[in-house]
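Letters go in sequence order (proteins before strands), and every chain restarts at 1. Here the structure is a predicted model, which is why all the values come from computation and not from measurement.
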Amino acid sequence: MQEVSFSYLDELNDVQRQAVTCLEGPVMVIAGPGSGKTRVLTYRIAHLINSGVAPWNILTLTFTNKAAKEMKSRIEKVVGSKANKVWAGTFHSIFARILRVEAHRIDYPNDFTIYDTDDSKSVIKEIVKTMSLDPKVYNPSAILSRISSAKSNLITPKNYVKNEDLMNYDKMNRRPMTHLIYDKYVAKCMRAGAMDFDDLLLQMFRLLYQNPDNVKQKYQAQFQYLLVDEFQDTNFLQYEILKQFVSYEGSDNNICIVGDDAQSIYSFRGATIENILQFENDFSNVNTFKLEQNYRSTSYIVNAANEVINYNKKQIDKKIWTDKQEGQKIKIIKTMSDNEEGRRVADTIIEQKNRFNLRNQDIAILYRTNAQSRVFEEHLRRFNIAYRIYGGLSFYQRKEVKDLLAYIRLTANPKDDEAFKRIINYPKRGLGNTTVSKLIQIAEENEMSLMEVVLQIELKARPKKIIGDFVAMMKSFTNKAAQTNAYDVAIYIAQKTGITGLLKSDTSAEGIGRLENVNALLDSIKEFVENDELEDDEEVMDKSLSRFLQTITLMTDQDKESDNTDVVTLMSTHAAKGLEFKSVFVVGLEENLFPSFMSLSSPHQIEEERRLFYVALTRAEMYLTLSYANSRYQFGQMRFNDPSRFLEEISEENIDNITILRNSGSGMSSKPSGGGFGQPKILGNFKRLEPSKVNQALQMDPKDFKQSPAASIKEGMTVMHLKFGLGKVKSVDARRVATIHFSDIRDNPDKRIMLQYAKLQIIEEDD
DNA sequence: GGGGGCTATGGGGGG
DNA sequence: CATAGCCCCC
């Protein structure tokens with residue numbers, strides 16, 4: 001038996017240590033920015049394991065895969081490879097994983113499709129059309145947001161009709177039929193074997209609440225210890241699911257929530273601050289710990305952030321402080337135009353790099369809307385500063401990527417009507433709106449999926465031939481999928497459909513970009529198939545199309561592996577939550593932009609914008625620069641905005657250069673930013689796609705590599721891995737999963753490799 | 001009935 | 001400024 005070391009407890013301050021060691025019963029940790037929240041969470045899990053709790057009895061829910069991954073790797077440093085057995089992931093991905101096993105109990109196929117927001121809107125659009133309603137009044141985004149909020153509050157279509165507030169609200173907005181659309185939407189998704197993002201939560205709740213075959217007791221027994229990160233961002237439904245897991249007769253109520261009400265910035269997707277305020281009422285004997293010492297930022301920054309957040313009324317009482325030195329005062333950059341803002345920020349970055357010896361990766365530019373990234377890209381490129389943009393149009397939302405994905409989706413789930421509609425006439429096969437509309441109408445009348453309709457319907461000669469060929473092609477894909485892995489199927493699909501050929505024939509810059517994106521998708525499928533490393537326990541050996549789809553639909557740009565290149569980070573303030581940088585630029589600090597024009601009418605929304613600003617400020621460790629422009633191109637025209645009200649909430653003593661904020665512009669306008677550059681967006685996005693995951697140094701020349709047969713790998717051997725380098729096989733288990741120690745890997749050198757897919761070459765038989 | 005080009009409209013944050 | 005819907009032509 002290995003000696004258990006508790007030395008990590010020495011790395012904690014008093015409150016942190018109490019929060020880590022108070023293992024039983026409900027615990028609430030209020031954690032200010034930079035207060036060591038992640039450290040507390042990870043050490044708490046490590047401490048649970050060291051105290052004898054089985055790792056698979058621990059469930060940790062976060063909001064990004066990245067956070068979950070980082071947490072796992074940090075736990076591993078304390079407790080070793082046992083950390084892999086902890087259930088850690090986002091709400092959506094953990095529930096998707098459970099539903100893949102249990103969905104049949106609530107009348108969904110286990111390989112259900114996940115509809116993204118575009119799919120959902122498209123479903124709504126079609127319903128609006130078939131109901132002959134005005135699509136301008138019944139705007140799909142608005143309707144979806146109503147449906148989403150209903151689902152997040154556990155209001156079924158039936159209860160929606162009974163709810164006077166909701167019905168009156170819809171009437172007032174001239175959308176009295178919203179409840180009917182909701183009803184039809186639910187039915188349609190069900191018929192398509194599809195869950196939208198909210199369904200991943202809602203159906204999880206339904207599963208537990210309806211409790212077929214006592215499935216709830218199974219998971220209650222499974223998850224004996226719950227930890228929830230960023231609890232202030234949970235919505236009503238998420239909290240209700242947590243209660244289902246935790247609240248039952250004889251339960252120890254082992255739930256630990258960590259959050260900061262001052263950083264609640266997701267109310268637009270249903271998050272409610274009430275959850276954190278209610279927690280102490282919902283559970284008895286809650287142990288509450290407040291982490292108030294900020295270890296991240298210098299005192300000018302902490303003071304400024306405190307000043308700003310004090311303008312908000314509703315808050316949990318706490319005092320964030322730091323014993324760090326004063327540091328540099330906050331710098332404010334004022335410019336005439338958005339273009340000049342880009343230039344000045346780039347100038348300042350150069351200056352800071354020289355003066356303070358910063359690397360690119362120490363620096364971040366944070367903005368309110370993704371559309372603001374362009375000017376900064378232009379000027380960073382002019383100075384040859386490497387950068388990476390996060391967010392914006394996700395890779396998987398690109399048309400060409402979605403087109404190929406639609407074929408893959410329809411292959412995995414023939415009832416996926418959104419996928420069907422997307423590709424029934426792409427690439428062009430001579431099937432027009434008239435025929436497609438007819439199919440949709442028949443499907444609607446008979447409550448069938450489009451694929452079912454197509455298999456039965458009698459058509460005229462021409463469309464009959466076209467559709468017959470299409471069905472035959474899809475059938476060949478299904479057959480292929482049953483025989484081989486996701487990559488081989490995907491390649492087959494890309495060629496057989498003519499997508500590859502079609503894109504190759506387009507030699508324009510955009511066409512080349514599209515082809516590269518499709519190739520990047522194929523590469524990522526290849527990577528998925530060839531990934532021989534076992535990361536978590538369940539089903540990972542499954543290399544099928546539907547498993548691939550599951551992994552990507554819930555992936556966001558931030559979750560992608562970052563190569564270790566030294567780049568300046570450009571991202572929205574929302575995306576920056578949880579991150580820290582030595583130097584932070586918060587840009588576009590103007591009324592109508594930050595705070596957003598969408599929020600100006602309501603004091604609550606202004607408070608949320610202020611919390612967002614607070615999050616932005618507190619990302620900075622040492623240098624904080626705020627900027628605004630007197631004029632900028634917005635919505636295709638020149639706009640003039642006042643400086644943000646938030647700037648005035650920081651007192652002068654924390655600011656480096658006192659600037660007169662209001663109405664200080666001379667009439668001069670510098671040249672506005674036109675297009676100028678080729679396709680900054682495409683270039684910027686490509687930077688994110690580079691698949692190089694591991695240091696170049698570790699990789700060997702594939703030509704010199706000769707793969708050894710999987711069966712020949714035995715314990716004690718020294719092997720070469722194409723990606724990880726030299727390693728020693730420590731053990732091989734019954735499922736043919738080898739644990740191999742790679743000495744070149746600094747973080748977590750012990751990798752669990754699936755020999756079935758292993759790319760290993762035997763270097764030495766034994767020692 | 002289907003395909004291509006033009007005009008009009010909307011435009012936040014994200015799983 | 002990008003996409004969707006519409007209109008016109010084949």
Side-chain angles (χ1 to χ4, degrees), chain A residues 61-68 89-96 114-118 120-122 125 129 135-136 139-142 144-145 148 151-152 195-201 230 233-235 237-238 264-271 366-372 374 390-394 396-399 425-438 459-460 462-463 466 510 552-559 571-577 588 592-600 605 608-609 611-613 615-616 633-637 639 673-675 679-681:
Chain A
L61 296 167
T62 60
F63 275 82
T64 64
N65 291 315
K66 192 182 174 194
T90 63
F91 279 86
H92 290 85
S93 70
I94 292 280
F95 296 165
I114 299 172
Y115 274 176
D116 67 17
T117 310
D118 288 339
S120 299
K121 282 182 192 166
S122 159
K125 208 155 125 193
K129 205 163 133 195
K136 275 172 200 147
N139 167 301
S141 304
L144 180 61
S145 126
S148 172
K151 284 184 172 178
S152 304
M195 296 197 196
D196 65 14
F197 286 133
D198 297 307
D199 279 326
L200 293 176
L201 310 177
E230 309 278 14
D233 290 335
T234 55
N235 61 32
L237 173 55
Q238 284 165 323
S264 160
I265 54 174
Y266 280 107
S267 74
F268 71 89
R269 65 176 198 216
L366 308 182
Y367 34 75
R368 179 63 181 82
T369 66
N370 286 309
Q372 286 165 257
R374 211 196 69 230
Y390 291 82
L393 193 60
S394 142
Y396 296 107
Q397 288 175 315
R398 283 154 190 279
K399 184 190 174 300
N425 196 33
Y426 177 86
K428 296 252 151 58
R429 57 186 111 244
L431 209 64
N433 284 332
T434 322
T435 312
V436 176
S437 302
K438 203 158 102 193
L459 289 159
K460 284 185 209 149
R462 198 178 120 88
I466 294 169
E510 296 82 20
I552 59 157
T553 319
L554 297 171
M555 204 148 54
T556 61
D557 288 349
Q558 291 171 69
D559 301 327
M571 56 168 55
S572 73
T573 309
H574 281 91
K577 189 154 71 134
N592 298 316
L593 187 59
F594 200 168
S596 155
F597 65 98
M598 308 279 285
S599 69
L600 295 178
Q605 291 191 50
E608 176 145 321
E609 296 283 312
R611 290 193 293 269
L612 186 59
F613 184 55
V615 168
Y633 263 95
Q634 225 176 342
F635 308 140
Q637 55 174 319
R639 301 267 189 137
S673 69
Q679 307 100 7
K681 261 192 187 153

Answer yes or no: does a side-chain N or O of [X] lie under 4.0 Å from OP1 or OP2 of [N]?
| X | N | result |
| --- | --- | --- |
| A:N370 | B:dG13 | yes |
| A:K577 | B:dG14 | no |
| A:S572 | B:dG14 | yes |
| A:T435 | B:dG2 | yes |
| A:N139 | B:dT9 | no |

What is the distance from [atom1] of [X] to [atom2] of [N], rounded to the nearest Å?
| X | N | atom1 | atom2 | value |
| --- | --- | --- | --- | --- |
| A:Q372 | B:dG12 | CD | C1' | 11 Å |
| A:N433 | C:dA4 | CG | C1' | 12 Å |
| A:R374 | C:dA2 | CZ | C1' | 13 Å |
| A:Q238 | B:dG14 | CD | C1' | 12 Å |
| A:R462 | B:dG2 | CZ | C1' | 7 Å |
| A:F613 | B:dG13 | CZ | C1' | 17 Å |
| A:D118 | C:dA2 | CG | C1' | 14 Å |
| A:E608 | B:dG12 | CD | P | 16 Å |

| message | Need the pair for B:dG2. Rule: Watson-Crick or G-U wobble, both distances under 3.5 Å, any strand; none if unpaired. | response | C:dC9
| Within the modelled atom types, does a donor on one side and an acceptor on the other bring the side chain of A:R368 and the base of B:dG12 under 3.5 Å apart? |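 Counting by modelled atom types and ignoring angles, a donor-acceptor contact under 3.5 Å is found here.
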| field | Heavy-atom donor-acceptor pair, A:T117 side-chain to B:dG15 base, under 3.5 Å | value | yes
| message | Side chain of A:F268, heavy atoms from C-beta onward: which of B:dG1, C:dA4, B:dG13 has the nearest atom to it? | response | B:dG13
| field | Options C:dG5, B:dG14, B:dG2, nucleotide nearest the side-chain atoms of A:K125 | value |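 Minimum distance to the A:K125 side chain belongs to C:dG5.
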| field | Any side-chain heavy-atom pair of A:D196 and A:K151 under 4.5 Å | value |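 Yes, side chains in contact.
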| Any side-chain heavy-atom pair of A:L612 and A:R368 under 4.5 Å |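 In contact.
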| said: Tell me whether the NZ or CZ atom of A:K577 lies within the 45° cone about the ring axis of A:Y266 and under 6.0 Å from its centre. | reply: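 Cation-pi check for A:K577 and A:Y266: fails.
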So what does [X] touch, heavy atoms closer than 4.0 Å: a base, only the sugar-phosphate, or nothing?
| X | answer |
| --- | --- |
| A:K428 | sugar-phosphate |
| A:K438 | nothing |
| A:D116 | nothing |
| A:E609 | base |
| A:Y266 | sugar-phosphate |

| query | Can A:F63 be classed as stacking with the base of B:dG15, given a centroid separation cut-off of 5.5 Å and a plane angle cut-off of 30°? | reply |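 By the stated criterion, A:F63 and B:dG15 do not stack.
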| said: Under 3.5 Å, is there a donor on one side chain and an acceptor on the other for A:S596 and A:S599? | reply: no
| task | State whether the side chain of A:S152 and the backbone N or O of A:S148 hold a donor-acceptor pair below 3.5 Å, judged by distance alone. | result | yes
| When you measure from the side chain of A:H574 to the backbone N and O of A:I265, does any donor-acceptor pair fall under 3.5 Å? |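 At least one qualifying donor-acceptor pair exists.
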| field | Closest-nucleotide 5' rank along DNA chain B - winner of A:S93 and A:V436 | value | A:V436
| Where each residue is assigned the nucleotide of DNA chain B containing its nearest heavy atom, which of A:I265 and A:L431 is assigned the position nearer the 5′ end? |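 It is A:L431, whose closest nucleotide lies nearer the 5' terminus.
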